[in-house]
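First the structure, in the form of structure tokens, and then the observations on it.
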Amino acid sequence: MSSLQDKDCTVGSGRRDESQSPSLPRILIIGAGSRGLTYARAVRSSNNGVVTAVAEPNEYKRTRLGQATIWGTQDPPAEGAVFGDWVEFVAYEERRRARVLAGDKDVPPGVDAVFVCVLDDMHREVVIALTRLGGLHIMCEKPLATTLKDCIDLYLALGSNTTAKGEQAVFSIGHVLRYSPHNKMLRRLIHEHHAIGDVLSVVHTEPVGWWHFTHSYVRGNWRRESTAAPSLLTKSCHDIDVLLWLLCSPPDYSARDCPPPHLPSTVSSMGSLQYFKKSRKPQAAGAATNCLSCPIEETCKYSAKRIYLGKELVGLSSGNKNWPVSIVVPDIESYGDEKGASDALLLELGKDYNASLPDSQVARRNWFGRCVYESDNDVCDEQVVTITWEEDQIQPAPSSHETPEDEGGTSDPIHGRGAKMAIFHMVAQTKAICERYTHLYGTDGEIYADSTTITVQDFRTGKSTTHRPRLESAGHGDGDVGLTRQFVLAVDKVKNHGWSTDRAQKEIIGCTLEEVIRSHAMVFCAEKARKNRTVVDWQQWWAAEVESRLSQNPNP
């Protein structure tokens with residue numbers, strides 16, 4: 001096992017901390033959909049925390065998560081274990097805290113931390129309500145919010161969320177790509193090992209998948225910018241984040257002499273809705289708007305029957321009752337046999353609309369049987385973002401053992417702050433589904449990284465080295481598990497081991513609130529560049545659109 005893999009077993013890596021804590025952090029999951037269930041199961045696989053409560057309006061989803069991770073199938077839920085929604089939890093927690101202050105006996109313990117896994121447009125109200133309770137450590141699924149204003153409001157609210165010690169509570173965002181063993185190894189190769197010298201350019205691609213895109217961004221929740229957000233935000237904000245993490249963020253925020261981030265100079269973007277629109281509809285489909293009534297359904301690759309019921313992809317006939325089938329019919333597992341489940345799917349896929357249904361009602365729900373060429377989607381199905389950096393060769397701070405000659409300027413500039421650029425490509429029409437790949441070009445070599453390997457070509461030695469990071473699960477290259485465990489571990493260190501929240505934020509979460517707001521702002525900046533067909537000066541845009549609003553310090 002290489003030294004790079006050895007380092008993945010440290011406390012800050014997202015692996016389990018084998019020292020059992022005396023009082024495990026108690027975790028609430030708000031939103032029991034696929035992401036909430038994923039995080040709840042990841043918490044269970046760690047020995048540093050325990051899921052003790054769930055808040056979810058859908059009874060089936062709520063019960064499924066509760067039985068799987070909290071109360072099992074035998075015992076009824078304890079007080080404070082189950083809530084109909086986040087509003088019910090907040091009201092309960094206010095009453096519970098009042099009982100504690102009044103000296104009541106036998107008050108159940110509260111939760112220490114919350115995973116917010118509701119729909120994107122609900123993040124603002126849920127997170128702000130939690131920060132007003134005060135003291136809860138929060139992990140919010142990505143994106144932070146769907147507008148720049150809401151992101152800024154949340155940044156301010158999270159900054160004011162303090163614990164009983166007066167420290168800012170721990171916060172994490174669902175940028176799972178930071179926490180995969182693959183990307184952590186890639187970052188170490190760049191920053192610690194200088195494997196290819198200074199990085200000059202990066203080309204990073206997210207292949208969404210030809211049918212996956214139709215499921216989520218043509219027929220599903222994220223198809224309309226007015227009800228969700230641009231696809232660059234909802235699908236790819238963590239890709240933009242990982243590029244800034246690789247090229248902008250300091251190697252180690254916990255270091256005493258940590259330099260400032262190397263900030264970008266310009267941002268540009270091109271993209272559009274190229275394919276999934278009425279002008280691309282095959283003539284043979286005629287006036288059909290739903291797959292179940294389409295004359296060419298059997299030969300159309302986007303047939304909803306093929307995708308959700310067939311054998312060749314991940315449909316019901318392949319034995320799958322999880323995503324994406326469970327998104328169409330959330331309680332699909334409750335149907336006893338395949339015929340019952342198939343009938344339920346067909347019933348849902350057959351639902352359609354015509355011009356008589358108001359647009360507000362069309363936008364309110366998903367239409368998984370709708371023709372992909374007749375849908376109400378408007379988000380980009382292909383987009384390119386280009387970010388550039390100018391040279392910023394700051395000198396490292398002199399250490400105590402340096403000589404006056406060293407202080408006079410003979411030491412080298414800090415590595416990695418030369419001119420460089422990053423190109424991100426999000427594309428729908430691919431066979432691969434979210435199996436990202438990255439090509440990095442440096443002064444002394446190049447790196448090609450796919451979903452399983454990292455290959456380094458060293459120009460100095462002529463040697464080619466391939467690394468294969470270990471994976472425990474398939475979720476975002478193990479990033480789902482890694483993010484979950486590091487967040488819970490950070491809470492555990494604060495609760496049980498005397499760590500300050502600042503130390504846990506820097507050493508275990510490895511991401512600051514400033515990084516969160518910066519990467520989200522970069523998406524909105526890129527969208528402005530795309531819509532205006534221009535190159536945006538990043539620092540001018542940041543000063544006008546972010547810093548000016550932060551200085552006003554509004555009350556969210």
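Computation of the quantities below employed the complete heavy-atom set of this structure, encompassing side-chain atoms and omitting hydrogens, waters and symmetry-equivalent molecules.
Looking at heavy atoms from C-beta onward, Val546 lies in side-chain contact with Leu550 at the 4.5 angstrom threshold. A 4.5 Å side-chain heavy-atom check between Pro25 and Asn496 finds at least one atom pair inside the cut-off. Cys434 places none of its side-chain heavy atoms less than 4.5 Å from the side chain of Pro207. In this structure the side chain of Val329 reaches within 4.5 angstrom of the side chain of Asp331, judged on heavy atoms. Annotation: side chain of Val325 is not in contact with side chain of Val314 (no heavy-atom distance under 4.5 Å). Using a 4.5 Å heavy-atom cutoff, the side chains of Ile138 and Thr131 are in contact. Taking the side chain as every heavy atom from C-beta outward, Val208 and Lys235 approach each other to under 4.5 Å. Between Asp153 and Arg124 the shortest side-chain heavy-atom distance falls below 4.5 Å.
Counting only distance, with no hydrogens or angles, the side chain of Trp211 and the backbone of Ile307 share no donor-acceptor pair below 3.5 Å. Remark: side-chain polar atoms of Gln67 are not paired, donor with acceptor, to backbone N or O of Thr73 under 3.5 angstrom. Judged by distance alone, the side chain of Asn366 and the main-chain N or O of Asn221 form a donor-acceptor pair under 3.5 Å. Without hydrogens or angle criteria, His123 side chain to Val118 main chain gives a donor-acceptor distance under 3.5 Å. Not a single donor-acceptor pair under 3.5 Å links the side chain of Ser216 to the backbone N or O of Phe213. Within the 3.5 Å criterion, the main-chain N or O of Tyr60 finds no donor-acceptor partner in the side chain of Thr63. When atom types are taken as modelled, the side chain of His137 and the backbone of Val170 share a donor-acceptor pair closer than 3.5 angstrom. Side-chain N or O atoms of Asn161 include one that pairs as donor or acceptor with a backbone N or O of Leu136 at under 3.5 Å. The main-chain N or O of Leu233 is never found under 3.5 Å from a side-chain atom of Ser236 such that the two would form a donor-acceptor pair. When atom types are taken as modelled, the side chain of Arg26 and the backbone of Val50 share no donor-acceptor pair closer than 3.5 angstrom.
In this structure, Arg485 fails the cation-pi test against Phe487, since its NZ or CZ atom is not both closer than 6.0 Å to the six-membered ring centre and inside 45 degrees of the ring normal.
Tyr437 and Glu206 form no side-chain donor-acceptor contact under 3.5 Å, judged by distance and modelled atom types alone. In the model, Thr453 has no side-chain atom that pairs as donor or acceptor with a side-chain atom of Thr466 under 3.5 Å. Between the side chains of Glu514 and Tyr155, at least one donor-acceptor pair of N or O atoms lies under 3.5 Å. Neither side chain, Gln505 nor Glu167, offers a donor N or O lying under 3.5 Å from an acceptor on the other. In summary, the side chains of Glu515 and Ser249 do present a donor paired with an acceptor at a separation below 3.5 Å, with no hydrogens or angles considered.
Annotation for Leu246 and Ile190: closest pair CD2-CD1, 4.1 Å, computed over non-hydrogen atoms. Between Arg99 and Pro108 the shortest heavy-atom distance is NH2-CD, 4.1 Å. Of all heavy-atom pairs spanning Leu483 and Ile173, the tightest one is CD1-O, 3.1 Å. Summarising the geometry of Leu513 relative to Gly159, their closest heavy-atom pair is CD1-N, 4.0 Å, with the distance given to 0.1 Å. Listed here is the closest heavy atom pair of Asp150 and Ala145: CB-CB, 3.5 Å. Here the closest non-hydrogen pair linking Pro264 and Cys248 is CD-SG, 4.3 Å.
Rounded to the nearest 0.5 angstrom, Thr234 OG1 and Asp121 CG are separated by 11.5 Å. Distance check, rounded to the nearest 0.5 Å: CZ of Arg417 to CH2 of Trp389 gives 12.0 Å. Between atom CG of residue Leu37 and atom NZ of residue Lys61 there is a gap of 10.5 Å, rounded to the nearest 0.5 Å.
If you run ring pair (Phe, Tyr, Trp, His ring centres under 6.0 Å) between His215 and each of Tyr308, Trp210, Trp222, only Tyr308 comes through.
Salt bridge annotation for Asp480-Arg35: present, with a cationic side-chain nitrogen under 4.0 angstrom from a carboxylate oxygen. Comment: Arg96 engages Glu93 in a salt bridge, judged by a side-chain N to carboxylate O separation of less than 4.0 angstrom. A salt bridge is defined here as a Lys NZ or Arg NE, NH1 or NH2 lying under 4.0 Å from an Asp or Glu carboxylate O, and Glu94 with Arg132 fails to meet this definition. Glu192 and Arg188 are not joined by a salt bridge, as no carboxylate oxygen comes within less than 4.0 angstrom of a charged side-chain nitrogen. Residues Lys495 and Asp112 are paired through a salt bridge, judged by an N-O separation under 4.0 Å between the basic side chain and the carboxylate.
Ring centroids of His520 and His238 are separated by 6.0 Å or more, keeping the two rings apart. Here His212 and Trp323 bring their ring centres to under 6.0 angstrom of each other.
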**OP:** Decide side chain to side chain donor-acceptor pair (under 3.5 Å) for Tyr448 and Gln457; before the verdict, give the C-alpha distance in whole Å, the side-chain angles of both, and the deciding distance to 0.1 Å.
**Re:** CA-CA 8 Å; Tyr448 177 76; Gln457 182 66 51; over 6 Å; no
**OP:** Report the C-alpha distance between Glu333 and Ser326 in whole Å, list the side-chain angles of each, state the deciding distance to 0.1 Å, and finish with yes or no for side chain to side chain donor-acceptor pair (under 3.5 Å).
**Re:** CA-CA 8 Å; Glu333 292 183 358; Ser326 62; over 6 Å; no
**OP:** Determine, step by step, whether His194 and His415 satisfy the ring pair (Phe, Tyr, Trp, His ring centres under 6.0 Å) criterion, reporting the C-alpha distance in whole Å, the side-chain angles of both residues, the deciding distance to 0.1 Å, and the verdict.
**Re:** CA-CA 8 Å; His194 303 170; His415 169 79; 3.6 Å; yes
Original post:
Between Glu507 and Gln486, does a side chain to side chain donor-acceptor pair (under 3.5 Å) hold up when you go through it step by step?
Top reply: CA-CA 10 Å; Glu507 293 188 24; Gln486 288 198 206; over 6 Å; no
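Taking the six-membered ring where the residue is Trp, Trp538 and Trp542 present tilted rings, their angle falling between 30° and 60°. Ring orientation note: the planes of Phe83 and Phe89 are nearly perpendicular, at an angle over 60° on the 30°/60° scale.
Environment of CZ in Arg41: sparse, with no more than 12 heavy atoms of neighbouring residues, nucleotides or ligands closer than 6.0 Å.
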